[in-house]
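Since the structure comes first, as C-alpha cells, the remarks are kept for the end.
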Amino acid sequence: KTPVLRYPWFFILFLALTAGFQYWTQQNVTTFLPKYLSELGQSPAQYGLLSALFMAGSALGNLLGGSLADRFGRWKVIFIALASGAIPLLILANLGNSTWLFLFILLAGLCNGSAYSAVVVIAQRLMPGGIALASGLALAFIFSSGSLGALVSGSIADKIGIAPIFTLSAMISLAGGLLALGCNIFNMGFVTMFLVYPLLFRRSSDSSRSPWRVGTAVVLTTVISLQLGALCVALETWLSGLSALPLSAFMLLLQPIHL
C-alpha cells in the first residue's frame, strides 16, 4: 500500500508568502524601471542598459545566494538578501538622474536574486516525497504573485506616481526578509508588542509609578509573553503536521519550559 504523504502546509504557506514578496519586488523593478528612467529624461538605449543591469545582478545573485545558503543557512540568506535589498530601492526612489543609478540598480538586482535559489531548495526540502511538485508550486506561486503584484502596483502608480513604487518595493522586500526570520517574529515580536504590552503592562504601570507595581508589571508581562509565544509554537507546529505528539501533550510539555 502506498503511504500517504503529509506535507507541512503551514510552513509551505509561510515560504510562499516570502517568495511572493521577493518576486513582487523584482517584477515591480522590471516593469516600472524603464518608465521611471524615461521620466528622468534617459533614452531607450540607456534605460534598456540599466534594466539589463538589474537582471544581470539578479542572475549573479542567484549564484552567490546559492553558494552562501549552503554555507550559512538558507533562511539566513533569504533574510539578509531581501532586507538589505530594500536599501538600494529606497535610494533609487530618491536619487534622480545620476550615474550612481548603475551601482544601486545592480545592487538591487544582486540582493533580490540572492534569495531565489534558496526559496526553491527550501520548498523541495519541505516536500521530500514530491520534489517536482514542490518546484512547480514554488515557481508557479513566484511568477503568479509577481504578476498580480505588478497589477496592484500599476494601479497605485496611476495615483501616486512611479517613483513611490520603488519605496513600496523596498517595503515589500523588507517584509519578505522579516518573514524569513520565521514564526518567532510573530510569536515574540507581534504578540508582545501589540497584545501583551498595551493590554497588560501599560494598564498595570501607567496609573502608578511605584517601583513595586512597575516591577510586578514587568514580571507578569515577561511570563505571559513567553507563555503565549510557547502556545503559538505549539499551534504552528501542530498546523504544520510535523509534530508526532497530540496538540494537548505537546502544549503540556512546552509550556513549563518557558516559565
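Applying the ring-ring contact (aromatic ring centres under 6.0 Å, His included) rule to F21 yields no partners; only residues at least two apart in sequence or on another chain are considered. Applying the side-chain hydrogen bond (donor to acceptor under 3.5 Å, both in side chains) rule to N97 yields the partners Q42; only residues at least two apart in sequence or on another chain are considered. Every side chain to side chain contact (heavy atoms under 4.5 Å, CB included) that F72 has, sequence neighbours left out, goes to L68. For M171, the side chain to side chain contact (heavy atoms under 4.5 Å, CB included) criterion is met by L90, not counting sequence neighbours. In this view, L220 and L200, T216 satisfy the side chain to side chain contact (heavy atoms under 4.5 Å, CB included) rule, not counting sequence neighbours. Taking the side chain to side chain contact (heavy atoms under 4.5 Å, CB included) definition, one finds that S114 meets it with A81, sequence neighbours left out.
A distance of 11.0 Å separates CG in L49 from CG in L101, rounded to the nearest 0.5 Å. To the nearest 0.5 Å, the span separating CG on L103 from CG on L53 amounts to 9.0 Å. Distance CG/L37 to CD1/I105: 5.5 Å, rounded to 0.5 Å. Here the CD1-CD1 distance, from I172 to I165, works out to 8.0 Å after rounding to the nearest 0.5 Å. The CG atom of L148 sits 10.0 Å away from atom CD of Q27, with the distance rounded to the nearest 0.5 Å. Atom CG of residue L60 and atom CG of residue L106 lie 7.5 Å apart, to the nearest 0.5 angstrom.
Of all non-hydrogen atoms in S51 and P34, the two that sit nearest each other are OG-CG, 3.6 Å. When all heavy atoms are compared, the tightest approach of G176 to T18 is O-CG2, 3.5 Å. Nearest heavy atom pair, residue R74 against residue D70, reads NH2-OD1, 4.2 Å. The two atoms that bring V77 and G65 nearest to each other are CG1-O, 3.9 Å, heavy atoms only. The minimum heavy-atom distance between T25 and S169, with the atom names listed, is OG1-O, 3.5 Å. Annotation for A150 and T31: closest pair CB-OG1, 4.2 Å, computed over non-hydrogen atoms.
The shortest side-chain heavy-atom distance between Q26 and M55 falls under the 4.5 Å cut-off.
Under a 3.5 Å cut-off, the side chain of S173 and the backbone N or O of L82 do form a donor-acceptor pair. Proximity of a side-chain donor or acceptor of N112 to a complementary backbone N or O of Y23 within less than 3.5 Å is not detected. Side chain of T222 to backbone of V218: a donor-acceptor contact under 3.5 angstrom is found.
Under the 4.5 Å side-chain heavy-atom criterion for ILVMFWY residues, no single connected hydrophobic cluster contains both L151 and L33. Cluster membership for L89 and I160, using ILVMFWY side-chain heavy atoms within less than 4.5 angstrom, is shared.
Listed by first and then second residue, the ring-ring contact (aromatic ring centres under 6.0 Å, His included) pairs involving residues 33-66 are Y36-F166 (not counting sequence neighbours). For residues 97-119, the set of pairs meeting the ring-ring contact (aromatic ring centres under 6.0 Å, His included) definition, not counting sequence neighbours, is empty. Listed by first then second residue, pairs satisfying side-chain hydrogen bond (donor to acceptor under 3.5 Å, both in side chains) with a partner in residues 148-164 read W24-S153, N28-S153, not counting sequence neighbours.
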